[in-house]
Amino acid sequence: MLKDIEDFRYENRYPTRTQAVNELFRMGIEALKKQQVKAEKNGKSTIK
């Protein structure tokens with residue numbers, strides 16, 4: 001996983017690993033929100 005984070009960091013020119021990880025978290029949270037909205041539109045529960 002660390003290699004993936006470092007690859008993302010260098011590909012996107014983040015100066016620190018922390019900034020890259022924060023961006024990955026932000027992207028993940030945004031993807032989850034979109035998934036939740038889509039599931040709610042389809043009448044499916046997102047609670048596990």
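As the structure is a computational prediction, the values presented were derived from the model and not from experiment. Starting from 1, each residue takes its place in the sequence as its number.
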What residues form a salt bridge (Lys or Arg N to Asp or Glu O under 4.0 Å) with Arg13, not counting sequence neighbours?
-> none

Do Met1 and Met27 share a hydrophobic cluster, counting only Ile, Leu, Val, Met, Phe, Trp and Tyr and linking them when any side-chain heavy atoms are less than 4.5 Å apart?
-> yes

Can you name the side-chain contact (heavy atoms from CB on, under 4.5 Å) partners of Gln19, sequence neighbours left out?
-> Tyr14, Pro15, Thr16

Which pairs pass salt bridge (Lys or Arg N to Asp or Glu O under 4.0 Å) with one or both residues in residues 28-39, sequence neighbours excluded?
-> none

Asp7: side chain to side chain donor-acceptor pair (under 3.5 Å) partners, not counting sequence neighbours = Lys3

How would you list, by chain and number, every residue that makes a salt bridge (Lys or Arg N to Asp or Glu O under 4.0 Å) with Glu6, sequence neighbours excluded?
-> Arg9, Arg17

Apart from Ile29 itself, what residues make up its hydrophobic cluster when side-chain heavy atoms of I, L, V, M, F, W and Y under 4.5 Å apart count as a link, directly or indirectly?
-> none

Rounded to the nearest 0.5 Å, what separation is found between the CZ atom of Phe8 and the CD1 atom of Ile5?
-> 10.0 Å

Considering residues at least two apart in sequence or located in another chain, which fulfil the side-chain contact (heavy atoms from CB on, under 4.5 Å) criterion with Leu32?
-> Gln35

